[in-house]
Amino acid sequence: MSYRSIIAGADADQPDVAAATTAAAEAFAGYRATTPDARADFLEAAAAEIEAAREEIVEAAVAESHLPEGRISGEVGRTTGQLKMFAGVVRRGDHLGVRIDPALPDRTPLPRADIRQRHIPLGPVAVFGASNFPLAFSTAGGDTASALAAGCPVVVKGHPAHPLTGYLVAQAITRAVEKAGLHAGTFSFLLDTDPQTGIELGQTLVTDPRIKAVGFTGSRGGGLAIVAAAATRPEPIPVYAEMSSINPVVVLPGALENDTDALATAYVGSLTLGSGQFCTNPGLLFLPTGEAGDAFLAAAGRATAEAVGTTMLTSGIASAYEKGTAALREVDGVTVVGEGTPGDTDAPAPQLVEAVRLDGVTDEVFGASGVVVRYDSVEELLPSLDSLEGQLTATVHATDADNEAAARVVGALELKAGRILFNGWPTGVEVGHAMVHGGPFPATSDSRSTSVGSLAIERFQRPVAYQDVPAALLPEAVRDDNPWQLVRRIDGELQLP
Ligand code: NAP
């Protein structure tokens, strides 16, 4: 099988970018005009259709991704939960961001016009599914859910690492589109499992003039290629690419006064979870010098040595991991602290190394590969943190006794990462309203938003102000009678309906 696509308005069972984007453009006018309730009903129906097909989706995803059934089953719940969360956002109208500055005709020296603002959707969005979350970051993942919630038709470029999973999920969404009576172009799924033409498909999609924004999760090289393609279009468009992150962990001295063995084991647990195939994998750890740090390092080495590799998502990802870990071992000043055992096919051994400096060890090695760097003092640590590239997460392990140092560390880390967490591990991202899964480059191509959580919807909207527009012509969201019962900012003050 090389193709399994669902394209509105085309009967061919092969990718046809123009058919999908033309249909998406046709669908846009009707879809963006849906009421909050109708759009939310559709998102909930998509979740229900995925849930109804859960068994076959789980079976396909387990076979294609080599991830365990429990993890995949949880991902189905996360995927449908995201769709339902966005249904709630749309029903409340949070995303419309309504602001009304009423006219002040008697203001001197000049009267003020009546100005009303709301957010509108950008237009058709291209979504590149990720390999490492075949459900929650793929066909119906956070990018698709947030774009559909914003009112944007979506064209998914399915990931060739899980073609059947993607197709089954696409079928489920298509059933929801049909049942909701929406235009078929509201959602299309394009897939090409040939590596050569697959890249061409992606490039054609991003440069198609009907596409108005892109969501991407994957490699730094792939993300940058898509950003470049979007920027050189006659009409450049925003690309929200989530790419690469090594998610630094800072262990402060107080944290080593408790059970260092338990802390080290928990660290290696997070590092090796799911073969380390998480964008939030903690790949770099700063550890104090001294006896307690030595004990932590020895325990982490032992835990790594006990870890067994599990089959990675694709042979390509496994061989990239092997190359990356071999290259790390060659860096001057790097010593191996612990090496696990390889598993069956494409299941390379987890690895933990110690490096005397950061040079050459800060590129993402996707998989269960960790680097430990020691530090003598916060004064020595802070410049190292300043030198890091942008990150999705930064973790601090500390006790109250570390508060003075921790405050300085947080001050440095918040300039680097989208999420700072204390005394936990970054793998595992809560989907909610306060979550940020983003960060400065190269974690993402645009640090001003998030790809997880309800704020993700803002990536696919823009504000429009309506000045002195006659009442009869105003959109519902900004009318005086507030027919959608929205929370609005009137003259700067939040007002409940
Ligand atoms: P990828 O190679 O970046 O591919 C992701 C998607 O982008 C695929 O659909 C791919 O299409 C497409 N693509 C890649 N290069 C393109 C280009 N130049 N123009 C247009 N489309 C392009 O990522 P992957 O296959 O999922 O995994 C490979 C590596 O990505 C991993 O080893 C890891 O380093 C990294 N990764 C990082 C994260 C993270 O969250 N940070 C997640 C997953 C993967 P085709 O496959 O059809 O070519």
Side-chain angles (χ1 to χ4, degrees), residues 2-5 15 17 64-65 67 126-134 136-139 141-143 155-163 165-166 189-208 211 214-233 239-247 274-283 312-325 327 346 348 363-369 389-393 418 426-427 429 437-439 441-445 450-452:
S2 61
Y3 302 127
R4 268 180 183 269
S5 299
V17 175
E64 291 182 331
S65 69
L67 294 169
V127 169
F128 287 72
S131 58
N132 58 337
F133 278 84
F137 270 90
S138 193
T139 310
D143 285 344
V155 180
V156 170
K157 194 278 186 189
H159 200 290
H162 51 266
T165 309
F189 174 77
L190 302 169
L191 181 71
D192 187 340
T193 52
D194 179 316
Q196 288 307 318
T197 49
I199 286 192
E200 274 169 43
L201 189 161
Q203 291 280 330
T204 310
L205 182 58
V206 171
T207 50
D208 186 293
I211 293 297
V214 180
F216 169 94
T217 305
S219 66
R220 186 165 174 165
L224 285 179
I226 285 166
V227 168
T232 51
R233 291 166 38 126
V239 176
Y240 297 97
E242 190 224 300
M243 298 172 286
S244 115
S245 182
I246 53 170
N247 306 297
S275 282
Q277 299 170 115
F278 289 99
C279 36
T280 52
N281 197 48
M312 297 189 82
L313 294 158
T314 65
S315 299
I317 287 178
S319 81
Y321 172 83
E322 304 246 39
K323 272 192 209 131
T325 46
D346 293 331
D363 285 343
E364 181 187 52
V365 177
F366 190 67
S369 165
E389 293 188 306
Q391 307 290 336
L392 292 170
T393 73
T427 37
V429 184
H437 188 66
F441 180 84
T444 73
S445 57
T450 171
S451 58
V452 175

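Just follow the structure's listing: the first ligand is 1, and inside any ligand the first atom is 1.
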Tell me the protein heavy atom at minimum distance from atom 12 (C) of ligand 1, and give that distance in Å. Phe128 CD2, 4.1 Å
Which pair of non-hydrogen atoms, one from Leu313 and one from Leu67, has the smallest distance, and what is that distance? CD2-CD1, 4.1 Å
Side-chain donor or acceptor of Ser244 paired with backbone N/O of Pro442 under 3.5 Å: no
So which heavy atom in the protein is nearest atom 38 (C) of ligand 1, and how far is it from that ligand atom? Gly218 O, 3.6 Å
Could you tell me, atom by atom, which parts of ligand 1 come under 4.0 Å of a heavy atom of Lys157? 8 (C), 9 (O), 10 (C), 11 (O), 45 (P), 47 (O)
Give a yes or no on whether atom 36 (N) of ligand 1 lies under 4.0 Å from any heavy atom of the protein. yes
Before signing off on this row, confirm whether Asp194 and ligand 1 have an N or O atom pair separated by under 3.5 Å. no
Quick one: does any side-chain atom of Ser245 pair with a main-chain N or O of Leu392 as donor and acceptor, under 3.5 Å? yes
If we set the cut-off at 4.0 Å for heavy atoms, which region of Glu364 has an atom near ligand 1: side chain, backbone, both, or neither? side chain
Give the contacting part of Met243 toward ligand 1: side chain, backbone, both or neither, where contact means a heavy-atom distance below 4.0 Å. backbone
Of the choices Cys279, Ser219, Gly367, Ala318, which has the non-hydrogen atom that lies closest to atom 40 (O) of ligand 1? Cys279
Contacts of Phe133 meeting ring pair (Phe, Tyr, Trp, His ring centres under 6.0 Å) (sequence neighbours excluded), chain-then-number -> Phe137, Phe278
Identify, with sequence neighbours excluded, every residue that meets side-chain hydrogen bond (donor to acceptor under 3.5 Å, both in side chains) alongside Glu200. none
Could you tell me the residue and atom name of the protein heavy atom closest to atom 27 (O) of ligand 1, and the distance to it rounded to 0.1 Å? Ile317 CD1, 3.6 Å
Distance filter under 4.0 Å to Phe216 heavy atoms, resulting ligand 1 atoms: 3 (O), 5 (C), 6 (C), 7 (O)
Shortest non-hydrogen contact from Pro348 toward Glu322: CB-CD, 3.8 Å
What I want to check is whether the side chains of Glu242 and Thr444 have a donor and an acceptor closer together than 3.5 Å. no
Which residue supplies the protein heavy atom nearest to atom 14 (C) of ligand 1, what is that atom called, and how far is it? Gly222 CA, 4.0 Å
Side-chain donor/acceptor of Gln391 to backbone N/O of Ile246, under 3.5 Å: yes
Taking side chain as C-beta onward, heavy atoms only, is His159 less than 4.5 Å from Pro134? no
One residue to check: Ile226. Relative to ligand 1, which of side chain, backbone, both or neither has a non-hydrogen atom less than 4.0 Å away? side chain
Report yes if Ser131 has an N/O atom closer than 3.5 Å to an N/O atom of ligand 1; otherwise report no. yes
For ligand 1, which atoms, with element, lie under 4.0 Å from some heavy atom of Ala225? 17 (C), 18 (N)
In ligand 1, which numbered atoms sit nearer than 4.0 Å to a non-hydrogen atom of Gln203? 17 (C), 18 (N), 19 (N), 20 (C)
Nearest to atom 34 (O) of ligand 1, what protein heavy atom do you find, and at what distance? Phe366 CB, 3.4 Å
Judged by atom type as modelled, is there a donor-acceptor pair below 3.5 Å linking the side chain of Ser131 to the main-chain atoms of Ala161? no
Among Val17, Leu205, Thr204, which residue satisfies the side chain to side chain contact (heavy atoms under 4.5 Å, CB included) criterion with Ile211? Leu205
Hey, looking at atom 20 (C) of ligand 1, which of Asp363, Asn132, Ile199 has the closest heavy atom? Ile199
Identify the closest protein heavy atom to atom 25 (O) of ligand 1: which residue and atom is it, and at what distance? His159 NE2, 3.1 Å
Measuring from atom 46 (O) of ligand 1, which candidate in Gly324, Gly158, Ala229, Pro160 has the nearest non-hydrogen atom? Pro160
Side-chain donor/acceptor of Asn247 to backbone N/O of Asn281, under 3.5 Å: yes
